[in-house]
Protein chains: 2
Amino acid sequence: MIERHLAKLRARATVSAEEEAAIRSSLGEIREFAADEVVVPALKVQDHSTMLLDGFMCRFKDLRNGKRQITELHVAGDFADLHSFTLKYLDHDVIALTPCRAALVPHANLRRITEQFPHLTRLYWFSTNLDAAIHREWELSLGQRTARARLAALFSELQIRLQIVGLASDTSFDLPLTQTDIAECMGLTNVHVNRTLRNLKEDRLVEFEGRRLTILNKAELWRAGDFDPRYLYLDGNGTAPSLGP
Amino acid sequence: MIERHLAKLRARATVSAEEEAAIRSSLGEIREFAADEVVVPALKVQDHSTMLLDGFMCRFKDLRNGKRQITELHVAGDFADLHSFTLKYLDHDVIALTPCRAALVPHANLRRITEQFPHLTRLYWFSTNLDAAIHREWELSLGQRTARARLAALFSELQIRLQIVGLASDTSFDLPLTQTDIAECMGLTNVHVNRTLRNLKEDRLVEFEGRRLTILNKAELWRAGDFDPRYLYLDGNGTAPSLGP
DNA sequence: TGCCGCGATAAACCTAGGTTAAGACGAGCC
DNA sequence: GGCTCGTCTTAACCTAGGTTTATCGCGGCA
């Protein structure tokens, strides 16, 4: 049920049995979302956060002219909007990119965690800070990387995040996004994403076919993306001292 | 001393006298930084966070080829690296853009806050989530806005953030950055920032002279930047219900 | 079985912003 | 008073990526 969520947490820190129980007992309703369905509308006050169990979601913001920027992708095990606990409403929408299943976690239960479990509170705080680190890496992509490097960095990031939760091997994973979705992540057009994917394939770095990504040469992919995974904070390999006992 | 920090917090939520005392007693050494000095080096484990009292700092990441992306600007009253409390080391550098004064806050003291002051903890958690909201807005700029809109949005954001802490009037403020600094914030070149500033001045939207920014037409500036200040979470005007009592 | 609509692919053309280079200006300094 | 260095400004030129348009393939469905 929430195994992927626990796997994600335990990739960074120790979670005690007591804390695990606290997480489990904080879960509310389980909900399904259709592809393209709005999961959390921008600016609307929330009383719960959404833990993604299956599928892909994203956060996005848009401009008057309709141009849309996806600011982060969410995979199974992620909270899509843990930050709504402190922000109360979001500055962006969250939508399902594929059919999804999610557990709703009432803010009242999260608040109880902040009052009774300081270490777990710090861990969840860490988790929103990790989202911010991903935002920063994407700012770097959007501001400074070429299209080729942007895609290389994005695929490198996803391979790691999905592997942590058991949804990717070392070299491949399902990536049920359209080229337009990818374009909206990386500030490009679908046309240019298409060109760039062809280019990456010609160079035998990755193949993206049938909504599945295959990494043909990870070392070269990382190099092409100027990718440094340390922003994903996995060095503690499961027992990061970062958060104290 | 930390009035600007308190002003920033109180622009979003109530801070009790007891909490204010807890903040004051958590302060450690006061340090000065020269312009361009590294305040927090990337990847180095930290045992304190840095509360900016005076001057401008920024977070940035860079690529092998030397291209640099500033991911956020910090003004007086901001914590430059509150997130190092949970992340322990940063995925980016923090440097002083101008001469700065800052209070160092030992993580041990922050941890005490998480153990004794759940509401204040949520408020500081909120504060790192606000940084993330700013990152998202910059992702939107970097990915989708034109150069003109990027600068308009940046100036609009800074006017508000500086006004909260008493460093901007409705229409002007000191902005001691070079055009190259601005370029590195918005993923442009200094040459194009220069062109775009000329353009904004011709249209009587803003003037940037002598490191001082003057807004000539705020309504048009906001419109040019497609700027919506709600991502700065100021609606509670000082008493946001967001964080509970 | 044939239609519909979305997504992938591709070619031709265009432009916002990058690159390069060269003065101008001013603050600190010897 | 002249020098140096950083910043600003401008012009000329270039290119990565956007735009537009069209075709193709395929899954769902009536």
Side-chain angles (χ1 to χ4, degrees), chain A residues 34-36 56 63 65-69 97-99 141-154 174-203 206-214 224-226, chain B residues 34-37 56 63 65-69 95-99 141-154 174-203 206-213 224-226:
Chain A
D36 297 325
F56 286 74
L63 297 176
N65 64 12
K67 284 179 190 287
R68 159 186 302 198
Q69 179 63 42
L97 290 171
T98 66
S141 275
L142 292 164
Q144 306 298 342
R145 284 187 172 100
T146 63
R148 181 184 162 94
R150 287 183 211 185
L151 295 194
L154 176 64
D174 287 324
L175 185 62
L177 308 187
T178 66
Q179 295 185 6
T180 300
D181 293 331
I182 294 172
E184 289 177 346
C185 290
M186 292 290 105
L188 300 167
T189 57
N190 57 345
V191 175
H192 200 60
V193 166
N194 187 276
R195 281 198 276 252
T196 309
L197 283 172
R198 193 184 346 158
N199 178 262
L200 288 170
K201 182 174 171 179
E202 278 163 13
D203 293 349
V206 299
E207 255 171 16
F208 182 47
E209 259 159 39
R211 305 286 159 91
R212 186 167 180 87
L213 193 95
T214 307
D226 219 328
Chain B
D36 298 323
E37 189 175 345
F56 285 73
L63 298 176
N65 65 11
K67 286 182 189 284
R68 160 186 300 200
Q69 179 62 42
I95 56 170
L97 290 170
T98 65
S141 275
L142 292 164
Q144 307 298 342
R145 284 186 172 98
T146 62
R148 180 184 163 94
R150 287 183 210 185
L151 295 194
L154 176 65
D174 287 325
L175 185 63
L177 309 187
T178 66
Q179 295 185 5
T180 298
D181 293 332
I182 293 172
E184 288 177 345
C185 290
M186 292 289 104
L188 300 166
T189 57
N190 58 345
V191 174
H192 200 59
V193 166
N194 188 277
R195 284 198 272 250
T196 308
L197 284 171
R198 191 185 345 155
N199 179 262
L200 287 172
K201 182 174 172 181
E202 278 163 11
D203 292 349
V206 299
E207 255 171 19
F208 182 46
E209 257 159 40
R211 304 284 157 96
R212 188 168 178 84
L213 192 94
D226 219 329

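It should be emphasised that the depicted structure is a prediction, and the values quoted were computed from it without experimental measurement. Per chain, numbering begins at 1; letters A, B, ... match sequence-line order.
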On a heavy-atom basis, which atom in [X] and which in [Y] lie closest, and how many Å separate them?
X	Y	result
A:C185	A:L142	O-CD2, 3.9 Å
A:A35	A:L97	CB-O, 3.9 Å
B:S141	B:A153	OG-CB, 4.2 Å

Grab the [atom1]-[atom2] distance between [X] and [N] for me, whole Å please.
X	N	atom1	atom2	answer
B:E209	D:dT7	CD	P	18 Å
A:L197	C:dG7	CG	P	15 Å
A:L177	C:dC6	CG	C1'	16 Å

Requested in this report: Not counting sequence neighbours, list each pair that qualifies as a salt bridge (Lys or Arg N to Asp or Glu O under 4.0 Å) and has a residue in residues 143-152 of chain B.
Outcome: B:E137-B:R145, B:R148-B:D203
Query - Value rounded to 0.5 Å, distance of OG1 in A:T146 from CG in A:L188 - result: 9.0 Å
Report summary line: Here the gap from A:L151 atom CG to A:T196 atom OG1, rounded to the nearest 0.5 Å, amounts to 5.5 Å
Requested in this report: Sort and list the pairs that fulfil side chain to side chain donor-acceptor pair (under 3.5 Å) and have at least one residue in residues 183-192 of chain A, not counting sequence neighbours.
Outcome: A:H192-A:R195
Query raised in the report: Residues in salt bridge (charged side-chain N to carboxylate O under 4.0 Å, His left out) with A:D181, at least two apart?
Result: none
**Report entry** Rounded to 10 degrees, the angle between the two terminal axes of the helix from C:dT1-D:dA30 to C:dC30-D:dG1, each from five pairs
**Finding:** 30°
Requested in this report: Give the intermediate values and the outcome of side chain to side chain contact (heavy atoms under 4.5 Å, CB included) for residues B:R211 and B:T178.
Outcome: CA-CA 8 Å; B:R211 304 284 157 96; B:T178 66; 3.7 Å; yes
**Report entry** Selection: residues 178-186 of chain A, any non-hydrogen atom under 4.0 Å of DNA chain C
**Finding:** A:T178, A:Q179
Query raised in the report: What is the per-nucleotide protein-contact pattern of nucleotides 17-23 of chain D, from the 5' end, where B denotes a base atom under 4.0 Å from a protein heavy atom, S denotes such proximity for sugar-phosphate atoms only, and - denotes neither?
Result: BBBB---
